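Everything on this sheet refers to the single structure shown next.
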Amino acid sequence: MAKQITPHVSWVGKVDWELTRFHGDEYSTHRGSSYNSYLVRDGGKTVLIDTVWQPYDREFVSRLKQEIDLREIDYIVMNHNEVDHSGALPELMREIPDTPIYCTKKGEAIIRGHYHQDWNFVNVKTGDTLPLGEHSLTFVEMTMLHWPDSMLSYYDGDGIVFSNDAFGQHFATESLYNDKVCEAELMYEAEKYYANILNLYSPLVSKKIQQILAMQLPIAMICPSHGVIWKDNPAQIVEKYAAWADAYQENQVTIVYDTMWQSTRKMAEAIAEGIRETAPDTKVKILNITHDDKNDVITEIWRSKAVLVGSPTINNGHSFAIAGLLEMASGLKFKQKKAAAFGSYGWGGGSVKQITAKLGEAGFELVNDGIAKLWVPDEQNLDDCREYGREFAKAL
Ligand code: FEO
């Protein structure tokens, strides 16, 4: 079970190849995930860093026992206490109830709120250290990255950052390290993770990266709580985060729509033609929100400099799926992205006006009032959409 990472550190987590949904149904995990837990053995002292999700609690404790006599664990460090990391604590603490749990003050409150146990908590804050036999752990609070309790731990023995959710990816692998997996798959999952989970906190990400860089810690590896360990050039993911936190965008326009009888789809494709004619170097992606995965759509929006959102009018408003997407986009607080709406209607209309209003409320910079077409668009209507696409591209 355990995988030796350095002379002092072993991985003792759980790879979850079966996981398809995370955060309830909020996040799709097409490539599974892992819940990474680590054992640090240093000069006679042993620290367990984070645990795993509750469904794997017995397996985790049982395998941990094969690796170590649990009574030899001197300290437990909980960098973050969402259930995917703290879920095995009750099972573990039944075995070693007096072992001190190092976490932030918020972390203690969250553990108490979840498990209602009076364990031996030790609160730590930025700069606090836990001396081990020869080296030590230093704690850095990562407040709201992405929960109030989040922190990272730095082990100066081997230059390892235990970053918990930060720099993670929902990516199952038996290979453990970033240079042992498909780079394209890995980076897509890292981007999707940032876009869907961390983008909201981008201003905090920028400040925290500056703070950590100012500490000038020698970093040999970054060990997150999900996915691979960044062993080959670990600075690369820090540099990526710095770029992603700075209103990230590529030369891309994403057109996302819902359609009932194909009219709004035809509009989407005609608008795309217009954009391509005016801006041939711009990547244009057309996605149907009911066919494409919502989190993949959000990732494409995050990559884009502009989005067009379309829905037919239904019940005087817009579709259920587009409403869900707009709610997600609103919460993630994308910055410096332009947008507009489009859609077909049969009599009263209303979808374009509603989507435009919601895009504005979500922080998108509105390019115009959108375009609506009655019934099934004829060739003149489609020409109008092409022209609309040309004008939209000129405004970017
Ligand atoms: Fe991986 Fe916020 O838990």
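Residues: numbered from 1 along the sequence shown. We count ligands from 1, going down the list as the structure has it; atoms in each ligand are counted the same way. Bear in mind the structure is a predicted one, so any value in this text is a computation, not a measurement.
- Under the 6.0 Å cut-off for aromatic ring centres, Tyr194 and Tyr241 qualify, their centroids lying closer than that.
- The ring of Tyr388 has its center no closer than 6.0 angstrom to the ring center of Phe342.
- Going from atom CD1 of Ile5 over to atom CG of Leu176 covers 5.5 Å, rounded to the nearest 0.5 Å.
- Protein-derived N/O/S atoms nearer than 2.8 Å to atom 2 (Fe) of ligand 1 total 4, waters excluded.
- Look at Glu141 and Lys106 and you find no salt bridge, because none of the NZ, NE, NH1 or NH2 atoms lies under 4.0 Å from a carboxylate O.
- Using modelled atom types and a 3.5 Å distance limit, the side chains of Asp50 and Asn164 yield a donor-acceptor pair.
- Side-chain contact, Tyr102 with Ser153: no donor N or O sits under 3.5 Å from an acceptor N or O.
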